[in-house]
Amino acid sequence: MMPATSTASHIEVTYRASAFRGCPACAEMRCTDPAECLYFLTKSVWADCDTCAGTGWAEDTSASPFCGVCTGSGLIEYDEAPGPVSPVACSRHAFQVNRVRALLASTCPNVAVSA
């Protein structure tokens, strides 16, 4: 039983950050239009974000843990490659394309998605 005149209070705050960072194409946690995201992910060159150098992390002064430019994906779209695209950026891009393809296949089972 708690004392009636308790002066101490305890407030617990839980902050949860998703391990999944935003889609590089739409910046959403779950793409609302996977077909459009797939189009944008495959039509242009994607390389390391200039702001976070491809890490996806924000600076220490930011309110969000993730980079505000690339929404944490570490990738941004370029009209043409700014130079050689790093193997890590290629791997992250391939992961995102495959993730969106799978999402598209699960949301639109009658649509064929070519590789």
S.K.: Please report the interatomic distance CZ(Phe40) to SG(Cys23), rounded to the nearest 0.5 Å.
M.R.: 11.0 Å
S.K.: Side-chain contact, heavy-atom cut-off 4.5 Å: Pro24 with His93?
M.R.: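 They are not in contact (no side-chain heavy atoms under 4.5 Å apart), so the answer is no.
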S.K.: The criterion is side chain to side chain contact (heavy atoms under 4.5 Å, CB included); which residues satisfy it with Ala89, sequence neighbours excluded?
M.R.: Asp48, Leu75, Val85, Ser86, Arg92
S.K.: Does anything in residues 65-74 pair up under salt bridge (charged side-chain N to carboxylate O under 4.0 Å, His left out), and if so which pairs, sequence neighbours excluded?
M.R.: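 Applying salt bridge (charged side-chain N to carboxylate O under 4.0 Å, His left out) to every pair that reaches into residues 65-74, excluding sequence neighbours, yields nothing.
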S.K.: Is Val97 reachable from Leu104 through a run of I, L, V, M, F, W or Y residues, each pair having side-chain heavy atoms under 4.5 Å apart?
M.R.: yes
S.K.: Considering only residues two or more places apart or on different chains, which pairs with a residue in residues 72-91 satisfy salt bridge (charged side-chain N to carboxylate O under 4.0 Å, His left out)?
M.R.: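 For residues 72-91, and leaving out neighbouring residues, the salt bridge (charged side-chain N to carboxylate O under 4.0 Å, His left out) pairs sorted by first residue read Lys43-Glu77.
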S.K.: Compare every heavy atom of Trp57 with every heavy atom of Cys52, then report the nearest pair and how far apart it is.
M.R.: CB-O, 3.5 Å
S.K.: Side-chain polar contacts of residues 31-39 - donor-acceptor pairs under 3.5 angstrom, sequence neighbours left out - could you list them?
M.R.:
from	atom 1	to	atom 2	distance (Å)
Asp33	OD1	Ala35	N	3.4
Asp33	OD1	Glu36	N	3.3

S.K.: Enter the distance from Thr71:OG1 to Met29:CE here, rounded to the nearest 0.5 Å.
M.R.: 9.0 Å
S.K.: Please list, chain by chain and in numerical order, all residues satisfying side chain to side chain donor-acceptor pair (under 3.5 Å) with Asp50, sequence neighbours excluded.
M.R.: Tyr78
S.K.: Quick check for you: to the nearest 0.5 Å, what is the distance between Leu41 atom CG and Arg101 atom CZ?
M.R.: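 Reported value, rounded in 0.5 Å steps: 9.5 Å.
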S.K.: How far apart are the closest heavy atoms of Phe66 and Ala58, and which atoms are they?
M.R.: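 That would be O-CB, 3.3 Å.
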S.K.: Return the set of residues passing side chain to side chain contact (heavy atoms under 4.5 Å, CB included) with Val69 (not counting sequence neighbours), or none when no residue passes.
M.R.: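 Residues passing side chain to side chain contact (heavy atoms under 4.5 Å, CB included) with Val69: Cys49, Thr51, Cys67, Ile76.
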